[in-house]
**Q** 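Here's a structure for you.
Proteins come first, then strands; the chains are lettered A, B, ... in the order of their sequence lines, and each starts at number 1.
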Amino acid sequence: MSLRIALHAAALWAAAGAVVDVTVASESGLLQLVGLPVAWALFARDRGPRSADPRWLIAASVLALGYAAASVGLPRLVAVSFAFASLGAILAAHVREPGRASGLFLLACSAAPLVDIVQALAGAPLRAAVSSSAAFLLCCAGIHVVADGVALVEGSSTVFVDPACSGLRYLWCAFLLAAVLAAWARLDFRRTAELVALAIPATFVANVLRAASLFFVERAPLDVARSQGIHAAVGVAGFALVSVLLVAFVVQRRRIA
Amino acid sequence: MKPSAARFHALALGIAALAPLLRPARHDGTEIENLPAFPDAIEGRKLVPSATSEIEIAWLASFPGRIGRFSDGERLWILRQTAQPTLRLHSSARCLRAAGWEVEPAHALRDAEGRIWSAYVARRSNLRALVRERVASTATSASWPDVDAWRWDAWLGRDPGPWCAYTSIEMQR
C-alpha cells in the first residue's frame with residue numbers, strides 16, 4: 001500500500017517545480033499547502049490493512065491521466081490541480097476508515113496552490129459583486145452609497161474593495177474547514193459535496209457583511225495600524241459566522257445519519 | 001481489489017511520469033508592434049531610463065509586450081506595456097515576493113490628478129519601499145487601480161488597448 005502511494009506521488013514529479021514557483025511568489029506562501037500534511041496525518045492515523053477501494057483507485061488513475069494531459073499543453077497550474085486531486089484520491093483509496101475518504105480527498109484538493117491564479121481570474125468580478133451587494137445593504141440601512149466597479153462611493157468619498165477583500169481567501173479557509181469537518185464526521189461523498197456547496201454562498205454573504213462593516217471603518221479618520229487591527233478583527237468575526245454554520249450543518253447531518 | 005483497477009493505475013502512473021517530458025518549450029514574448037513610445041515624464045517629473053534589473057529580465061522572458069525601467073530622481077518607475085489581455089501582466093507584488101521582499105497591503109492612494117493607485121509596502125532587510133500601481137489605456141482615458149480590475153475589462157473588450165501598467169517604487173526611511 002505505501003509503495004503504491006509513494007509511486008503515485010513520484011509519478012507526479014513535474015508538479016513539484018510549479019508548486020515551489022507559485023508558493024514562493026504567493027501571498028499565502030506555504031500556508032496554502034497545509035491541507036496535504038493534515039490529510040497525511042489523518043491517513044497515517046487510520047492506516048491499516050485494507051485493500052484499496054477500486055472506485056477511488058480508478059478516480060486517482062483518471063486524475064493522474066488528467067495531470068498527464070495537462071502537463072503536455074496546458075498551463076502548469078492546471079496540471080498541479082490534477083496532481084493534488086489525484087494524491088487525495090490515492091489516499092482516499094487506502095484509508096482504513098472509508099468514512100474519512102471524502103474528507104481526505106477534499107483536504108488534498110484544498111492544498112493545491114490556486115488562490116493567486118483564482119484571484120487573478122475571478123478576483124475583480126467577485127470584488128464588483130461584493131461592492132454591489134454591500135452598497136445595497138448600506139442603502140437598506142439608510143446610507144446613500146453607490147457601487148462603482150470595485151469601489152463604494154458616498155458623495156465625494158470613495159472606499160475601495162481591494163483584492164484582499166474579494167473573499168477568495170475566506171472561501172479557501174472555508175473549503176479547508178469543510179474538508180476537516182468532513183473527515184472528522186466521516187461524511188460520505190454526497191454530504192461532503194453539500195457541505196462545500198453551503199460554504200460558497202456562506203462565505204460570499206460573510207464577505208459582503210465584512211465589506212459593509214469596513215465601509216464605516218474606512219470612512220473614519222483612523223491611523224493605519226488601528227485600521228488594520230479592525231480589518232483583521234472584522235475578518236475573523238465574519239469567518240466565525242461561516243464556521244458556526246458549517247459546524248451546525250455537520251452536527252445536524254451526523255444526527256440524521 | 002480488482003486486478004484491472006491495479007493495472008489501470010499502473011498504466012496511468014507510467015503515462016503521468018513521462019508526459020511532462022513532451023511539453024513544448026515556451027516561446028518568448030515579442031509582440032511589441034503597435035505599442036506607443038514610453039512617456040517622457042510622469043507627474044511632471046522627467047523620466048530617465050535605467051538599466052534593467054534581474055526582476056525585469058525575469059518579467060521580459062515571456063511577457064507579450066515591452067518593459068521599461070526609469071528614474072525620476074525620487075522614485076523608480078517600471079512601465080509594462082502590452083496590446084493583449086494577458087495573465088502575464090500581474091501585480092508587481094508577486095515579483096517582489098519572488099525576489100525575497102515581504103509585502104503588506106496599504107490604503108489605495110489618490111494622486112493630485114484624482115487618479116486612484118493601489119498601494120502596498122515592501123520590506124527586505126532594513127529596506128522599506130512604498131509601491132504604487134495602476135493600469136491605464138494608452139488609447140482612451142480609461143484606467144484601473146490594479147491589474148486584476150483591468151484584466152476583465154480587457155478580456156471583455158471594454159477597452160481596445162494597448163495598456164500600460166505603471167509601478168512606482170519609492171524607498172522610505
**Q** Is there a side-chain contact between A/P163 and B/D146 (heavy atoms, below 4.5 Å)?
**A** yes

**Q** Return the minimal non-hydrogen interatomic distance between B/A16 and A/Y67, and the atom names on each side.
**A**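 Heavy atoms only, the tightest pair is O-CE2, 3.5 Å.
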
**Q** Please look at A/A15 and chain B and tell me whether the side chain, the backbone, both or neither of the residue comes under 4.5 angstrom of a heavy atom of that chain.
**A** neither

**Q** If we define contacts as heavy-atom pairs under 4.5 Å, which of A/A164, A/G66, A/S61 has the most with chain B?
**A**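 The candidate making the most pairs under 4.5 Å is A/S61.
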
**Q** Can you tell which part of B/L87 gets under 4.5 Å to a heavy atom of chain A, answering side chain, backbone, both or neither?
**A** side chain

**Q** Between the side chain of A/W13 and the main-chain N/O of B/A17, is any donor-acceptor distance below 3.5 Å?
**A**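 Yes, the answer is positive, given that a donor and an acceptor are paired below the 3.5 Å cut-off.
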
**Q** Should B/H9 and A/L57 be marked as a side chain to side chain contact (heavy atoms under 4.5 Å, CB included) after you check the CA-CA gap, both sets of side-chain angles, and the distance that decides it?
**A** CA-CA 7 Å; B/H9 181 241; A/L57 190 61; 3.8 Å; yes

**Q** Which one, A/A124, A/G123, A/A120, A/A14, leads in non-hydrogen pairs under 4.5 Å with chain B?
**A**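 The option with the most such pairs is A/A120.
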
**Q** Identify which part of B/W150 has an atom lying under 4.5 Å from any heavy atom of chain A, answering side chain, backbone, both or neither.
**A**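 No part of it gets close to chain A.
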
**Q** Would you compute the distance between atom CG of A/D116 and atom NE2 of B/H90 and round it to the nearest 0.5 angstrom?
**A** 10.0 Å

**Q** So which part of A/R127 gets closer than 4.5 Å to some heavy atom of chain B, the side chain, the backbone, both or neither?
**A**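 Side chain only.
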
**Q** Would you name the heavy atoms of B/A19 and A/A68 that are closest together and state the gap between them?
**A** CB-O, 3.4 Å

**Q** Of all heavy-atom pairs between B/R23 and A/L74, which one has the smallest distance, and what is that distance?
**A**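 Result for this residue pair: NH2-O, 2.8 Å.
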
**Q** Taking all non-hydrogen atoms of both residues, which atom of A/L65 and which atom of B/I15 are closest, and how far apart?
**A**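 Scanning both residues completely, I find the closest heavy atoms to be CD2-CD1, 3.7 Å.
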
**Q** Quick check on A/L63 against chain B: is it the side chain, the backbone, both or neither that has a heavy atom closer than 4.5 Å?
**A**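 Contact with chain B: none, neither part.
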
